[in-house]
Structure formats: structure tokens, C-alpha cells
Protein chains: 2
Amino acid sequence: MVSTMLTTAGFHVLLALAGEPAHGYAIMRFVEQVSGGAVKLGPGTLYRTISRLLADGLVEETEEGDPAAPHDARRRYYRLTQAGEAAARAEAELMARMVTAAREAGLVT
Amino acid sequence: MVSTMLTTAGFHVLLALAGEPAHGYAIMRFVEQVSGGAVKLGPGTLYRTISRLLADGLVEETEEGDPAAPHDARRRYYRLTQAGEAAARAEAELMARMVTAAREAGLVT
DNA sequence: CTTGGTTATATCCAAGTCGGATATAACCAC
DNA sequence: GTGGTTATATCCGACTTGGATATAACCAAG
């Protein structure tokens, strides 16, 4: 489609990271939870999407996230870059526009 | 991703048809206009998406649309089916949820 | 009427993306 | 130390996309 450089999966991941850094598995659960179970990222899509976002400079790896959580050597934490935040914001604004259009068409109340 | 059976392109087309029946080219312009130029459907994506929506029973062809417009033999008009309207509504509600989450994360104002 | 730009639909291909399966292993409670 | 959950990684076949190409109806200008 032209628009942003984001796929739907990419946007969901960025949105999950907008609040605070997180590791892959936490992103997966966040996406499922915030969508009310409607959106589920399988491991393939999840980790493939993360590497794409890394390569595109929208996300970066960070040393350790939540200091309250017990250390787990397997986890890899990610956070948004400035470019990632900008891309997520642009996409969210586009979505808000779509929701408005849907409302005007009487699709949703 | 799991969620609905809709691709992003599919949703844009359904949204364009939510107001009133339209033909392919009009859908294309609607999508571009309502997104402020951010989303452009090329002919490949447009007509392929329409045939998929037809096959899935979300859209149906209708004899002629706008009676005010001059007749043009090339045009093929489409309108939402009930299933299509339901799918579009479900997707719009999911999007509204995402926009809310983006707001809570401070991504958009 | 014919020429040229726009509108309109349709199909093809290479490239990109996805879902789900499979693999591996650290973690933790019992 | 065993078993279920958490966690990351990669592979494959299937599906989707972007952009090019093709074809032709429409219509205004000359």
C-alpha cells in the first residue's frame, strides 16, 4: 500500500513498546491483551518483525528493562528509537482518521 | 496475524463502500483522499482485493450505482454485504481500541 | 472525426510477509 | 530431577503486495 513503512504487525509491536521497553514474549502477550484476544502474533511473525524493525532503525536493543523483574538471561529487551516513535505516531494518527471515517459512515457509534 | 479475516487493503476498500456503493476507480480515489494522500492503492492491489472480497462474500456487485452520474459501460459497482459490514465494523472497533492504547501510551494527543 | 488525456478494469511477476510447525533451552515449583 | 511454562530462533509453503503492462471506453478540443 504506500503509506508508512509499517506493516500491521510492525505497528502492533511498536505500540507495545510505546509505554516502556519490553522483551519479545511480553510484546506478544501485550498485543493479545490490548486487542482483547483478537490479534495474536505467532513466534514467526513476532521475531521476524522485531528483526525488521531493528534493521530499519525503529527499535533498538537495550541492556535490561524492568529492574523490578527477576533477571532472566534469555530475555532480550527492546525500546523505540526516535524514528520508531515517529513512525508509530504517524500510523496511529492515520488510524484515528480511519476510525473517524468509519464513524461518519455510520459503521461504528 | 489472526484477528479478522481482513487485510489492511481489504479494510480500506470496505470502508470506502460503507457510505454508498462505488466502482473500483472511485474506491481508489476515496482511499487516497480520506487518508490525506498517505494510502494509495495501486491497480494490482485494488482489483485483486476486490475479487478476494467478492469471493469471501463481503462485497457484491450491484447493477449501477449513482443514478445522477452519467452511464459508463466500463464501471462495475460494488456494495457491502451484511457480512462485509460486520467485518468492517469489527475491524474499525479494533482500530479504535488501538488508537486508545496509543493515546494512553502518550503517542498521540 | 480523430487525436490525446483521463478514467477504468484486468492480469502478470518478482519481492515481501505471514501462520504455524519445529527446535532448543533457560526458568521455576514441586 | 521432572514437567510445564517462558523465551528466542529459524524454516517452509501459502498468501499479499507494488508496480508494470495491456486494453479500451470516455470526452473535450481542434
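By convention in this document, chain letters (A, B, ...) are assigned in the order of the sequence lines, proteins followed by strands, and residues within each chain are numbered from 1. Every value quoted in this text rests on a predicted model; they were computed, and no experiment measured them.
- Between C:dT9, D:dT8, D:dT16, one nucleotide has an atom nearer to the side chain of B:His23 than all others, and that is C:dT9.
- Across D:dT8, C:dT17, D:dT17, the shortest atom-to-atom separation from the side chain of B:Arg48 is found for D:dT17.
- In this structure, B:Thr45 contributes its side chain and B:Leu41 its backbone to no donor-acceptor pair below 3.5 Å.
- Taking the nucleotide of DNA chain C with the nearest heavy atom to each of A:Pro43 and A:Ala9, the more 5' of the two is matched to A:Ala9.
- Rounding to the nearest 0.5 angstrom, the gap separating the OH atom in A:Tyr78 from the CG atom in A:Leu53 is 10.5 Å.
- Base engagement by B:Gly44 is indicated by at least one non-hydrogen atom pair under 4.0 Å involving a base atom.
- Comparing D:dT17, C:dT9, D:dA9 by their nearest atom to the side chain of B:Arg76 picks out C:dT9.
- Residues B:Val59 and B:Leu80 are in side-chain contact: their nearest non-hydrogen atoms beyond the backbone lie under 4.5 Å apart.
- The stretch residues 16-50 of chain B participates, sequence neighbours left out, in these ring pair (Phe, Tyr, Trp, His ring centres under 6.0 Å) pairs: B:His23-B:Tyr77.
- Remark: B:Arg52 is in phosphate contact with D:dT17, judged by side-chain N or O atoms under 4.0 Å from OP1 or OP2.
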Atom pairs, N/O to N/O, protein against nucleotides 26-30 of chain C, distance under 3.5 Å?
from, atom 1, to, atom 2, distance (Å)
C:dA26, N3, A:Arg74, NH1, 2.6
C:dC27, OP1, A:Ala73, N, 3.1

Under the salt bridge (Lys or Arg N to Asp or Glu O under 4.0 Å) rule, what do B:Arg89 and B:Glu85 come out as? Steps first, then yes or no, please. CA-CA 6 Å; B:Arg89 178 166 44 244; B:Glu85 193 178 319; 3.6 Å; yes
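- Under 4.0 angstrom from either OP1 or OP2 of D:dT17 there lies at least one side-chain N or O belonging to B:Thr7.
- The nearest heavy atom of DNA chain D to A:Arg29 and to B:Leu41 marks one nucleotide each, and the one closer to the 5' end goes with A:Arg29.
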Going through the distances and angles, do B:Arg52 and B:Thr7 end up as a side-chain contact (heavy atoms from CB on, under 4.5 Å)? CA-CA 10 Å; B:Arg52 201 173 342 115; B:Thr7 64; 3.5 Å; yes
